[in-house]
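Working notes for the structure below.
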Protein chains: 2
Amino acid sequence: MIGDWWSLLIVRNALMGQRRFGEFQKSLGVARNILTVRLRKLVECDILEIAPASDGSAYQEYALTKKGRDLFHVLEALRQWGCENFFETGEATKVLVDRKHGRPVKKFELRAEDGRLLEPEETLLQLAPGMPGR
Amino acid sequence: MIGDWWSLLIVRNALMGQRRFGEFQKSLGVARNILTVRLRKLVECDILEIAPASDGSAYQEYALTKKGRDLFHVLEALRQWGCENFFETGEATKVLVDRKHGRPVKKFELRAEDGRLLEPEETLLQLAPGMPGR
DNA sequence: CGGTATCCCTGAAGATACTG
DNA sequence: CAGTATCTTCAGGGATACCG
């Protein structure tokens with residue numbers, strides 16, 4: 001249900017308060033057709049539910065259900081794992097391996113678009129260009 | 001690092017005590033070439049490390065590092081999420097949606113190969129045919 | 001704004017044969 | 001037993017055009 005590229009990121013952003021199609025689309029940079037399918041699947045799985053727009057506009061919103069909010073613990077465990085194991089030494093590096101043979105290619109640091117090295121707490125939101133979840 | 005189809009399942013099985021190439025291969029049913037690449041990547045990421053075979057055979061084993069063992073918390077959060085949200089009512093169902101449009105196709109139950117309905121604690125090991133992790 | 005429909009491409013995974 | 005090399009398939013994702 002949440003093993004694909006985007007679903008867990010959508011849930012994460014929903015936990016941060018996002019509710020609208022356009023919010024998810026812009027914050028994640030996901031293609032709109034994909035987002036449509038992911039949102040529908042999450043609704044079908046009872047992780048999100050459709051709610052009337054809170055701002056009175058004609059559109060709908062996507063709200064987390066209990067099952068969806070419960071995923072916080074998974075996200076939090078993942079976040080902690082990342083923080084403890086990749087930032088305690090101060091190095092925010094990412095391992096790159098050759099896709100075919102799994103051999104190391106290079107390691108690079110996670111930097112913001114302005115070149116600044118990212119702090120741990122930022123990396124949940126700001127990821128390297130080309131990675132999902134920006 | 002662990003977002004692909006197999007890596008987290010390999011770590012899970014490693015947490016259950018598996019250490020050998022062949023053990024992972026048989027228990028997960030993953031293609032051997034893929035397993036090679038995944039194991040190498042996990043080693044490169046410092047989640048697994050290569051150790052001499054404990055049984056004295058000429059081969060090596062894959063042992064979890066601290067970073068790898070720390071993933072237990074992620075797996076455990078995931079397991080609990082699954083148990084609480086999909087088994088508290090007694091129904092072990094899986095949602096199937098159309099890949100292209102995300103619309104519901106059908107729901108089916110998780111059954112063992114003999115047709116018996118699976119208990120929650122079994123589903124971490126026994127998944128429906130066609131799913132990874134068997 | 002919030003989608004839907006269509007086309008295309010890539011890369012993840014599988015099958016299979018071979019090897020030390 | 002534990003891989004490696006090669007080929008193939010296919011689902012996931014992206015781009016784009018269109019719509020109410």
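Residue numbers begin at 1 in each chain, while the letters A, B, ... track the order of the sequences. No experiment lies behind these values; they were computed from the predicted model shown.
When the P atom of D:dG12 is taken as reference, atom NE2 of B:His101 falls 13 Å away, rounded to whole Å. Across the protein-nucleic acid pair, B:Trp6 atom CH2 and C:dG11 atom C1' stand 17 Å apart, rounded to whole Å. As rounded to whole Å, 15 Å separates atom C1' of C:dG14 from atom CG of B:Asp4. Nucleotide D:dT4 holds its P atom 12 Å from the CD1 atom of B:Ile34, rounded to whole Å. One can place CD1 of B:Ile50 at 12 Å from C1' of D:dA2, the figure rounded to the nearest angstrom. For A:Leu35 and D:dG14, the CG to C1' distance is 13 Å, given to the nearest whole Å. When the P atom of D:dA5 is taken as reference, atom CZ of A:Arg103 falls 6 Å away, rounded to whole Å. Between B:Arg19 atom CZ and D:dC1 atom P the separation is 18 Å, expressed in whole Å.
Remark: B:Gln60 is in phosphate contact with D:dG3, judged by side-chain N or O atoms under 4.0 Å from OP1 or OP2. Residue A:Arg40 has no polar side-chain atom (N or O) positioned under 4.0 Å from OP1 or OP2 of C:dG3. Side-chain N/O atoms of A:Tyr62 include one lying less than 4.0 angstrom from OP1 or OP2 on C:dG3. Close to D:dG12, at under 4.0 Å from its OP1 or OP2, lies no side-chain N or O of B:Trp5. Contact annotation: B:Arg32 does not reach the phosphate of D:dA2 (side-chain N/O to OP1 or OP2, under 4.0 Å).
The side chain of A:Asn33 lies closest to C:dT6 when the candidates are D:dC7, D:dT4, C:dT6. Nearest nucleotide to the A:Val30 side chain, out of C:dG14, D:dA5, D:dG14: D:dG14. Nearest to the side-chain atoms of B:Arg20 among the listed nucleotides D:dC1, C:dG3, D:dA5 stands D:dC1.
Remark: of the listed residues A:Thr36, A:Val37, A:Val43, A:Leu35, A:Leu35 is the sole one forming a side chain to side chain contact (heavy atoms under 4.5 Å, CB included) with A:Leu39.
Under a 3.5 Å cut-off, the side chain of B:Glu23 and the backbone N or O of B:Arg19 do form a donor-acceptor pair. Listed for the B:Arg40 side chain is a donor-acceptor partner under 3.5 Å among the backbone atoms of A:His101.
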**OP:** Evaluate salt bridge (Lys or Arg N to Asp or Glu O under 4.0 Å) for B:Lys41 paired with B:Glu44, printing each intermediate quantity in order.
**Re:** CA-CA 5 Å; B:Lys41 184 177 177 178; B:Glu44 192 54 32; over 6 Å; no

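Ranked by how close their nearest DNA chain C nucleotide is to the 5' end, B:Lys100 and A:Lys100 are led by B:Lys100. The residue among B:Ala31 and B:Tyr59 whose nearest nucleotide of DNA chain C is located toward the 5' end is B:Ala31.
Counting heavy atoms from C-beta on, the side chains of B:Leu71 and A:Trp81 come closer than 4.5 Å.
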